[in-house]
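Numbered from 1 within each chain, the chains take letters A, B, ... in sequence-line order. Bear in mind the structure is a predicted one, so any value in this text is a computation, not a measurement.
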2 protein chains.
Amino acid sequence: MKVTRAQAEENRRAVVEAAGRLFREHGVKGVGLAELMGAAGLTHGGFYKQFKSKDDLVLEACGQALDDGVGKWTRIVEKAEVEHADPLAALVRHYLSPTHRDRVGTGCALAGLGPDVVRPGEERAGLRQRFETSVQAYAGLLEQAMGADGSEDAALATLSTMVGALLLSRMVEDEACSRRILDAAGASLLGHPATPHEGQ
Amino acid sequence: MKVTRAQAEENRRAVVEAAGRLFREHGVKGVGLAELMGAAGLTHGGFYKQFKSKDDLVLEACGQALDDGVGKWTRIVEKAEVEHADPLAALVRHYLSPTHRDRVGTGCALAGLGPDVVRPGEERAGLRQRFETSVQAYAGLLEQAMGADGSEDAALATLSTMVGALLLSRMVEDEACSRRILDAAGASLLGHPATPHEGQ
DNA sequence: ATTATCTATAGATCTATAGATAATGC
DNA sequence: ATTATCTATAGATCTATAGATAATGC
């Protein structure tokens with residue numbers, strides 16, 4: 001029943017990844033350890049060889065999901081800069097797309113995990129600090145993407161609009177209404193192009 | 001052990017109110033029926049005389065909390081109009097205040113319940129429809145508050161910024177950072193006054 | 001007589017632990 | 001010999017139901 005050390009590491013990684021996805025989809029309290037381990041192809045008994053507690057896994061899964069998001073944004077900005085396209089527009093169009101809205105499990109961790117995981121009053125050691133670091137990283141990338149128009153405050157306001165629009169678009173029943181929220185937020189951030197692209 | 005019909009109605013109301021508060025504070029899965037009934041001064045056994053299921057109570061508590069929020073906004077706009085003040089500024093200052101940020105239990109239901117309660121894929125009958133109605137009510141009030149500058153799209157974008165900023169401000173550890181998010185969003189919505197008030 | 005609420009409990013589920021097992025890695 | 005994973009289970013908790021009780025409302 002033992003497995004090579006490399007395989008054990010890969011198993012652990014798979015659990016963290018499954019947790020990041022399932023926690024976003026069903027909420028932390030909405031997934032049990034057995035389902036979590038099962039999603040990584042294991043049984044629940046091995047859990048505590050890898051993690052101190054469920055909360056420990058929550059912290060790790062959030063960290064990974066947040067880093068993935070910042071990494072994605074970094075690549076989008078870099079690609080736009082190389083192509084002499086507008087990086088802000090690239091970020092906003094990606095973030096406010098119906099695809100991103102529908103893929104909660106792999107989508108933005110600020111929207112998909114933040115509200116569920118850092119509740120005022122309930123202290124999960126280090127979590128709020130972890131989110132703060134990533135909020136600043138996201139805002140930093142936005143500021144960079146804004147170029148000459150950028151400032152930390154403008155970036156924080158833009159990030160707020162993006163996160164809020166994504167969450168609201170997920171709350172409503174009607175697809176047209178949902179789309180309208182995404183488009184309205186996008187238009188307000190980019191000047192007005194609901195169309196393909198354009199320089200800033 | 002029976003109680004007057006008026007008292008029974010009041011008890012039911014108290015349960016819905018406690019649910020609205022506790023669900024926002026700890027998440028729907030974070031509160032059990034016993035705790036819920038206890039917060040209304042009852043024992044858990046009586047629950048199913050009043051509600052079909054926990055999900056039934058979730059729907060009712062969300063509806064009540066959403067209506068409370070729309071009611072609050074309505075009063076704020078009316079008061080500002082009577083006083084010839086800027087209603088948009090009044091809404092934004094109330095919503096993006098540290099007080100509102102800290103009072104999750106009685107604060108905006110879009111931010112406090114939405115992300116937890118309407119998860120894509122998980123269908124709780126009628127809930128998403130209920131949120132959609134309230135999103136439109138909130139946006140309608142914003143549009144009205146914007147006066148000549150108003151449009152449905154502008155209102156939806158503004159609502160996105162407000163909800164996103166509130167949620168982000170609750171995610172970070174540092175008070176100064178949290179305050180900065182609220183202020184940056186407020187400034188971007190109101191022109192620039194981080195100071196007392198001013199016409200639009 | 002009706003019924004809102006109470007106590008008690010069934011049945012499911014969840015986190016965490018214990019001990020067995022078998023393949024790795026020294 | 002070590003250890004990653006497995007099966008099994010303890011103990012807590014949660015939703016929902018059953019039956020008793022006592023005050024209301026006809």
Mind checking whether B:His94 and B:His100 have parallel, tilted or perpendicular rings, split at 30° and 60°?
-> parallel

Report the residue from B:Leu189, B:Leu159, B:Ile76 that forms a side-chain contact (heavy atoms from CB on, under 4.5 Å) with B:Leu91.
-> B:Ile76

By side-chain hydrogen bond (donor to acceptor under 3.5 Å, both in side chains), A:Asp174 pairs with (sequence neighbours left out) none

Of B:His44 and B:Gln50, the one whose closest DNA chain C nucleotide lies more 5' | B:Gln50

Most 5' of B:Lys52 and B:Val3 on DNA chain D, judged by nearest nucleotide = B:Lys52

Going 5' to 3' along DNA chain D, which nucleotides are the first and last within contact of chain A (any atom under 4.0 Å from a heavy atom)?
-> D:dT2 to D:dT9

Please tell me which of B:Arg5 and A:Gly46 maps to the more 5' nucleotide of DNA chain D, matching each residue to the nucleotide holding its nearest heavy atom.
-> A:Gly46

Do A:Phe131 and A:Leu113 have side chains that get closer than 4.5 Å, going by heavy atoms?
-> yes

Working for salt bridge (Lys or Arg N to Asp or Glu O under 4.0 Å), residues A:Arg5 and A:Glu9 | CA-CA 6 Å; A:Arg5 193 182 303 166; A:Glu9 258 174 54; over 6 Å; no

All stems with DNA chain D, defined as three or more consecutive Watson-Crick or G-U pairs under 3.5 Å | C:1-24 with D:1-24

Using a heavy-atom distance cut-off of less than 4.0 Å, which residues of residues 28-43 of chain A contact DNA chain D?
-> A:Leu42, A:Thr43

Using a cut-off of 4.0 Å on non-hydrogen atoms, how would the nucleic acid contact of A:Lys49 be classed: base, sugar-phosphate, or nothing?
-> base

Give the C-alpha distance, both sets of side-chain angles, the deciding distance and a yes or no for salt bridge (Lys or Arg N to Asp or Glu O under 4.0 Å) between B:Glu17 and B:Arg13.
-> CA-CA 6 Å; B:Glu17 187 194 298; B:Arg13 207 199 49 72; 3.3 Å; yes

How would you list, by chain and number, every residue that makes a side-chain contact (heavy atoms from CB on, under 4.5 Å) with A:Thr106, sequence neighbours excluded?
-> A:Arg103

Spatial distance of atom CZ (B:Arg12) from atom NZ (B:Lys49) [nearest 0.5 Å] | 13.5 Å

Salt bridge present between A:Asp86 and A:Arg93 (N-O < 4.0 angstrom) | no

What pairs of residues pass the salt bridge (charged side-chain N to carboxylate O under 4.0 Å, His left out) test when at least one of them lies in residues 18-35 of chain B, not counting sequence neighbours?
-> none

